[in-house]
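For the single chain, residues carry numbers from 1 onward in sequence order. All values derive from a computational prediction rather than experimental measurement.
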Amino acid sequence: MKTQVKVSLILAAAFVLVVGGLLLLTGRDAAEPGSDAAGGATDSRLVRDDSRLLGERGSSGVVLVEFLDFECEACGAAYPLVEELREKYGDRVTFVARYFPLPGHFNAERAARAVESAARQDRFLEMYQKMYDTQAEWGEQQVPLDDLFRGFAEELGLDLARYDADYASEEVAARVQRDVTDGVSLGVQGTPTFFLDGELLRPTSAEDFEQAIVDALAQ
C-alpha cells in the first residue's frame, strides 16, 4: 500500500474514532471525556506558554496543535505527513506538539519524559524526530526502555547528568501530565488528535489535511 494512501486511511480511522468517542489503538479504559470543547484559538488548554513547538513560530496566526503519543502507530504514520506540512507551511503555520502518552503503551510516558528532558536542553525537535524515526525498533515492547532513550540522548550530545536528573524528576513527569490533563479536558481520547486554530480537525485524507491548512491561511 502506498504511503500516502496508508496515511489517509489511518487519519480517517483516527478521526472517526475520535468523533465517535472510541479509543484508538490503546485498549485502555476510556479517559474521562472532556467537559468542554475547545474554545477557539485562544483556549489556553490548547497551547500553553511553554508548549513545545516544531520549529519556529509561523508568521501567520494559524496554529496546528497535535496531541500525540510517541509509541502510537497512527502517530508514527502521521509523522511524515506532519513533517511534509512543516516543510511546506512551517514558515507561516505554528506547529505545536502536546504530549498525550496512552496508558496502553508501555513506554509512551517514558518516551514523552525523554523528549521533554531533551527539550530542556533545547533539543526538543531532534528527540521528537528520533522517537518517530526509531519507533518500529522500540514500539510495543513490554519492558522499560529507559536505557535506550538515554542512548538517544547520548547520540544527540545532551548533557547526560542533566538529562538523567530531568528524566527522573517529578517536574518533568508533571509537565507531561499537564498536557494529558489539557487533552482530556478538551475531549481528546486517542492519538493523533489535531486542532487547527482551536477547532478539532477531522480530515478524511492527507489531502483534506493540507487543504484545511491552505484554507486557514487564506482567511
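- Between the side chain of T94 and the backbone N or O of V63 there is no donor-acceptor pair closer than 3.5 Å.
- The backbone N or O of P101 sits nowhere less than 3.5 Å from a side-chain atom of E71 that would complete a donor-acceptor pair.
- Between the T191 side chain and the F67 main chain, no donor and acceptor come within less than 3.5 Å of each other.
- V214 and V62 fall within a single hydrophobic cluster, where Ile, Leu, Val, Met, Phe, Trp and Tyr side chains are chained together by heavy-atom contacts under 4.5 Å.
- With values rounded to the nearest 0.5 angstrom, F209 atom CZ is found 8.0 Å from L196 atom CG.
- Listed here is the closest heavy atom pair of A108 and D69: CB-OD1, 3.2 Å.
- Here the CG atom belonging to D43 is positioned 13.0 Å from the CG atom belonging to D197, to the nearest 0.5 angstrom.
- The residues R175 and D179 are annotated as salt-bridged, a charged nitrogen and a carboxylate oxygen being separated by less than 4.0 angstrom.
- Rounding to the nearest 0.5 Å gives a distance of 11.5 Å between CD of Q135 and CG of N107.
- Hydrophobic clustering, with ILVMFWY side chains joined whenever heavy atoms are under 4.5 angstrom apart, keeps F106 apart from L148.
- Atoms CG and CZ, on L217 and R92 in that order, are 5.5 Å from each other to the nearest 0.5 Å.
- A pairwise comparison of heavy atoms in P192 and A74 identifies CD-CB, 3.7 Å as the closest pair.
- Ring centroids of F149 and Y167 are separated by 6.0 Å or more, keeping the two rings apart.
- Taking all atoms of both residues into account, the shortest heavy-atom contact from G190 to V188 is O-CG1, 3.5 Å.
- What you find for V184 and F100 is that their closest heavy atoms are N-CE1, 3.8 Å.
- In this pair, F70 and Y132 present their aromatic rings tilted. The plane angle is within the 30 to 60° band.
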Taking it one step at a time, do E73 and E140 satisfy side chain to side chain contact (heavy atoms under 4.5 Å, CB included)? CA-CA 9 Å; E73 187 177 359; E140 303 298 332; 5.5 Å; no
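- Residues L201 and A212 approach most closely at CD1-CB, 3.6 Å, considering heavy atoms.
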Take L145 and V143 through the side chain to side chain contact (heavy atoms under 4.5 Å, CB included) test and state the conclusion after the steps.
-> CA-CA 6 Å; L145 296 177; V143 295; 4.1 Å; yes
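- The CZ atom of R178 lies 10.5 Å from the OH atom of Y99; values are rounded to the nearest 0.5 Å.
- Of the possible donor and acceptor atoms, one in the side chain of R98 sits under 3.5 Å from a partner among the backbone N and O of L46.
- Atom CZ of R57 has 12 or fewer neighbouring heavy atoms from other residues, nucleotides or ligands inside a 6.0 Å radius.
- In summary, E116 and R113 do not engage in a salt bridge, as defined by a charged side-chain N under 4.0 Å from a carboxylate O.
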Side chain to side chain contact (heavy atoms under 4.5 Å, CB included) assessment of L156 paired with M127:
CA-CA 8 Å; L156 292 177; M127 189 65 104; 3.9 Å; yes
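- When only modelled atom types and interatomic distance are considered, Q211 and D215 share a side-chain donor-acceptor pair under 3.5 Å.
- Checking side-chain atoms of R150 against main-chain N and O of Y163 turns up no donor-acceptor pair under 3.5 Å.
- Side-chain contact between F95 and L64: present, with at least one pair of heavy atoms (C-beta onward) separated by less than 4.5 Å.
- Note that the CD atom of E66 and the OH atom of Y79 stand 11.5 Å from one another [nearest 0.5 Å].
- Transitive grouping of hydrophobic side chains (ILVMFWY, heavy atoms separated by less than 4.5 Å) keeps M131 and V172 in distinct clusters.
- Side-chain N or O atoms of R162 include none that pairs as donor or acceptor with a backbone N or O of L158 at under 3.5 Å.
- No donor-acceptor distance shorter than 3.5 angstrom exists from the side chain of T134 to the backbone of E137, with no hydrogens or angles considered.
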